[in-house]
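Just below is one structure, and these are the notes that go with it.
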Amino acid sequence: QQPVQSPQAVILREGEDAVINCSSSKALYSVHWYRQKHGEAPVFLMILLKGGEQKGHEKISASFNEKKQQSSLYLTASQLSYSGTYFCGTELVNDYKLSFGAGTTVTVRA
Amino acid sequence: DAGVTQSPTHLIKTRGQQVTLRCSPKSGHDTVSWYQQALGQGPQFIFQYYEEEERQRGNFPDRFSGHQFPNYSSELNVNALLLGDSALYLCASSSQGLSNQPQHFGDGTRLSIL
């Protein structure tokens, strides 16, 4: 079951904040976040597990709301290097595969 | 420390042909997952190999098959190629395919079907 990401795209100026949401209609065991730049492989950002806490990676953090089956990725004080497409990958309980959303394209401008 | 390597980088085939893509996992990883990524879309899970067996499979036809070797490297085979098979094929490796382990992706193989 493919998760739904929103928004589809966001444009930021350096230093601005953004939130990317990822939601599932089924009970999740974990949520993985990746960033992919044009023509490159997806790069791992962080994993959030069921029952786990909020995680952070530099000025990028994420949360996992088990009741809503929803995860949010927070880009704080964005930098030019944050530009790319962000994907959430969700894993259901007792399932080993990741289902990825359609992605959120983030453009950070000077 | 070598990351995930995939070969070839690019490939052009015609409809009806067969193709084999190869993946070497990151050092220390024993699980390989294959994904298909169409332009502008997220990666779609094809299957995962662990201990030389297919452990999980996505919604792909039997034309897509794979194999994992004792050294943990893996192959993806696609038979009877269709125009719709044109995509970036990504390989990702992880440790024991556990949920709390990140998947590391290779740069992918760009497959074009004419």
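Note that these values count all heavy atoms, side chains included, but never hydrogens, waters or copies made by symmetry. Proteins come first, then strands; the chains are lettered A, B, ... in the order of their sequence lines, and each starts at number 1.
Among the candidates A/Pro42, A/Cys88, A/Ala41, A/Gly103, the residue making the largest number of heavy-atom pairs closer than 4.5 Å to chain B is A/Pro42. Highest contact tally toward chain A, considering only B/Gln48, B/Gln41, B/Arg55, is held by B/Arg55 [criterion: heavy-atom pairs under 4.5 Å].
In this structure, the separation between CD on A/Gln8 and CD1 on A/Ile20 is 12.5 Å, given to the nearest 0.5 Å.
Counted by atom type alone, A/Ser30 and A/Glu91 present one or more donor-acceptor pairs between their side chains at under 3.5 Å. Defined by atom type and a distance below 3.5 Å, a donor-acceptor pair is present between the side-chain atoms of A/Asn21 and A/Ser72.
Using a cutoff of 4.0 Å between basic side-chain nitrogens and carboxylate oxygens, B/Asp85 and B/Lys13 are not scored as salt-bridged.
In this structure, chain B has no heavy atom under 4.5 Å from any part of A/Gln5. Using a 4.5 Å cut-off between heavy atoms, B/Gln44 contacts chain A through its side chain alone, with no backbone atom that close. Using a 4.5 Å cut-off between heavy atoms, B/Tyr35 contacts chain A through its side chain alone, with no backbone atom that close.
Listed by chain and residue number, B/Thr14 satisfy the side-chain hydrogen bond (donor to acceptor under 3.5 Å, both in side chains) test with B/Gln17 (two or more places apart in sequence, or in another chain).
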